[in-house]
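Everything below concerns the one structure shown next.
Both counts, for ligands and for their atoms, begin at 1 and track the order of listing.
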Amino acid sequence: MKILLMGPPGAGKGSQSAKLVKEYQLTSISTGEMFREAARNNEPLGIEAMKYIHRGDLVSDEITNEVVRKRLLESDAERCFLLDGYPRTVSQAQALDAMLLSMDSKLTAVINIVVDKEAILERMVGRRVCKKCGLTYHVSFKPPKKPGICDDCGGELYQRVDDQPESVRNRLNIYERKTKPIVDYYSGRGILKNVDGMQSFEEVYKDIINALGEVQ
Ligand code: ADP
Ligand code: AMP
């Protein structure tokens with residue numbers, strides 16, 4: 001399975017991806033997470049990426065494509081992977097096609113999680129992430145048992161710098177202009193499935209599994 005999970009920021013890609021990766025033993029490739037990890041480790045890539053992430057802007061296609069190209073060449077990405085947050089521009093989608101073609105590979109499914117605009121801001125400003133294991137919570141929709149503490153590993157929960165209302169608005173704007181056109185790029189290939197992301201976590205997951213079954 002070579003899956004691409006799409007949708008606006010806050011759609012639930014990370015939440016669903018965590019479950020899918022575990023259940024199907026997929027290699028998770030999240031460019032946002034890779035940038036944040038590089039920043040945590042004070043790597044030049046992370047420091048450069050954070051300049052854009054802070055404002056809610058996109059990191060350049062050049063940097064992002066290179067990060068993904070290297071990651072796809074690692075042995076654990078050979079058979080099964082789940083891409084989350086990449087591609088985010090038509091140019092990245094074209095670059096991904098070229099990378100996969102050169103590896104004699106291709107995507108098996110593109111799942112597009114559809115959510116109402118009004119829900120996004122509320123989801124993002126209420127999002128909390130575990131510093132230690134990266135698990136995602138929400139202050140109202142998925143609160144941890146103990147406030148500020150991860151149920152799974154006991155790590156401290158934090159609010160992402162780009163989940164402030166100002167960055168969120170910029171990210172949504174960019175999504176509309178640059179990322180949404182990718183839906184058209186993939187439609188017509190018979191591998192794109194829309195899933196209603198306005199349902200419960202469990203219902204969205206169930207619909208993703210059903211959609212994957214339809215394209216396999
Ligand atoms: P993305 O990776 O697409 O940006 P996340 O998976 O991080 O989105 O989800 C954004 C926020 O919305 C998180 O706080 C998450 O707990 C919450 N969330 C995700 N899916 C749902 C859902 N189906 N119902 C309610 N809240 C959700
Ligand atoms: P995410 O974790 O997917 O919400 O991504 C967080 C941030 O990382 C985005 O708002 C961008 O600044 C940056 N980023 C992640 N993926 C990409 C990408 N494919 N292209 C450009 N920037 C990205």
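- Closest protein heavy atom to atom 4 (O) of ligand 1: Gly10 N, 2.8 Å.
- Between Met124 and ligand 1, no N or O atom pair is found at a separation short of 3.5 Å.
- Among protein heavy atoms, atom 10 (O) of ligand 2 sits closest to Arg171 NE, 3.6 Å.
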_Show, in sequence, the C-alpha distance, side-chain angles and deciding distance for Glu203 and Lys206, and conclude whether the salt bridge (charged side-chain N to carboxylate O under 4.0 Å, His left out) test is met._
CA-CA 5 Å; Glu203 284 165 330; Lys206 215 168 81 198; over 6 Å; no
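- Between Tyr205 and Glu23 there is a side-chain heavy-atom pair separated by less than 4.5 Å.
- Distances from atom 22 (C) of ligand 1 to the heavy atoms of Lys13, Glu33, Arg123 put Arg123 nearest.
- Interface atoms of ligand 1 facing Gly14, defined by a heavy-atom separation under 4.0 Å, are 1 (P), 2 (O), 6 (O).
- The same ILVMFWY cluster, assembled from side-chain heavy atoms under 4.5 Å apart, contains both Val125 and Leu172.
- Residue contacts with ligand 2 for Val59 involve both N, CA, C or O and side-chain atoms from C-beta outward (heavy atoms, distance under 4.0 Å).
- What sits closest to atom 9 (C) of ligand 2 on the protein, heavy atoms only, is Arg88 NH2, 3.9 Å.
- Near Phe141, meaning under 4.0 Å from one of its heavy atoms, ligand 1 places the atoms 25 (C), 26 (N).
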*asked:* Is there a side-chain hydrogen bond (donor to acceptor under 3.5 Å, both in side chains) between Ser91 and Gln94? Walk through the geometry before answering.
replied: CA-CA 5 Å; Ser91 157; Gln94 288 164 339; 5.0 Å; no
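- Nearest protein neighbour of atom 12 (O) of ligand 2, counting heavy atoms only, is Asp57 O, 2.5 Å.
- Nearest-residue assignment for atom 13 (C) of ligand 1 (options Asp162, Thr136, Val204; heavy-atom criterion): Thr136.
- Side-chain atoms of Thr179 come within 3.5 Å of backbone atoms of Arg88 as a donor-acceptor pair (strictly under, hydrogens ignored).
- Given atom 13 (C) of ligand 2, the protein heavy atom at minimum distance is Ile53 CG1, 3.8 Å.
- Every atom of ligand 1 is numbered from 1 in the order shown, and the set under 4.0 Å from a heavy atom of Ser200 is 23 (N).
- For Arg160, the closest heavy-atom approach to ligand 2 falls below 4.0 Å.
- The nearest non-hydrogen atom to atom 23 (N) of ligand 1, considering only Glu203, Arg127, Gln199, comes from Gln199.
- On a distance-only criterion, Tyr52 and ligand 2 share no N/O pair closer than 3.5 Å.
- With ligand atoms numbered from 1 in the order given, ligand 2 contributes 18 (C), 19 (N), 20 (N), 21 (C) to contacts under 4.0 Å with heavy atoms of Gln92.
- The local environment of CD in Glu78 is sparse, with at most 12 non-hydrogen atoms from other residues, nucleotides or ligands closer than 6.0 Å.
- Side chain of Arg189 to main chain of Tyr186: no donor-acceptor pair is present (N/O by atom type, distance under 3.5 Å, no hydrogens or angles).
- Proximity to Ala11 (heavy-atom distance under 4.0 Å) selects the following atoms of ligand 1: 3 (O), 8 (O).
- Taking every non-hydrogen atom of Tyr137 and a distance limit under 4.0 Å, the qualifying atoms of ligand 1 come out as 13 (C), 14 (O), 16 (O).
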*Output, in order, the C-alpha distance, side-chain angles, deciding distance and verdict of salt bridge (charged side-chain N to carboxylate O under 4.0 Å, His left out) for Arg123 and Asp116.*
CA-CA 11 Å; Arg123 282 194 185 183; Asp116 297 345; over 6 Å; no
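- Residue nearest to atom 16 (O) of ligand 1, selected from Arg171, His138, Arg128, Met6: His138 (by heavy-atom distance).
- Two residues are said to be in side-chain contact when any heavy atoms from C-beta on lie closer than 4.5 Å; Thr89 and Thr64 fail this criterion.
- Under 4.0 Å from ligand 2, the heavy atoms of Arg36 that appear belong solely to its side chain.
- Annotation for ligand 1: atoms under 4.0 Å from non-hydrogen atoms of Ser15 are 5 (P), 6 (O), 9 (O), 15 (C), 19 (C).
- There is no path of hydrophobic side-chain contacts, each under 4.5 Å, that joins Val114 to Met198.
- With a heavy-atom cut-off of 4.0 Å, Asp61 does not touch ligand 2 at all.
- Geometrically, ligand 2 and Phe35 share no nitrogen or oxygen pair separated by less than 3.5 Å.
- At under 3.5 Å, a nitrogen or oxygen of Thr31, whether backbone or side chain, sits near a nitrogen or oxygen of ligand 2.
- Ionic pairing of Glu214 and Lys193 is present here: one or more N-O contacts between side-chain nitrogen and carboxylate oxygen are shorter than 4.0 angstrom.
- Note that Arg55 lies in the cation-pi zone of Tyr52, set by a 6.0 Å cut-off to the ring centre and a 45° limit from the axis.
- Note on Ile120 and Tyr137: separate hydrophobic clusters, where clusters join Ile, Leu, Val, Met, Phe, Trp and Tyr whose side-chain heavy atoms are under 4.5 Å apart, directly or indirectly.
- Of the polar atoms of Arg127, none of the N or O atoms is found under 3.5 Å from an N or O of ligand 2, judged by distance alone.
- Electrostatic pairing of Glu74 and Arg71 counts as a salt bridge here, judged by a charged N lying under 4.0 Å from a carboxylate O.
- Using a cut-off of 4.0 Å between Lys/Arg side-chain N and Asp/Glu carboxylate O, Arg36 and Glu33 are scored as salt-bridged.
- Polar contact check, Gly12 against ligand 1: a nitrogen or oxygen pair lies under 3.5 Å apart.
- Side chain to side chain, Tyr86 and Asn65 meet the donor-acceptor criterion of an N or O pair below 3.5 Å.
- Residue contact check: Thr64 has heavy atoms under 4.0 Å from atoms 18 (C), 19 (N), 20 (N), 21 (C) of ligand 2.
- Considering backbone and side-chain N/O of Tyr86, none are found under 3.5 Å from N/O of ligand 2.
- The single protein non-hydrogen atom nearest to atom 20 (N) of ligand 1 is Phe201 CE2, 3.3 Å, given as residue, atom name and distance.
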*Mind running side-chain hydrogen bond (donor to acceptor under 3.5 Å, both in side chains) on Tyr175 and Asn170 for me, showing each step along the way?*
CA-CA 9 Å; Tyr175 171 78; Asn170 188 28; over 6 Å; no
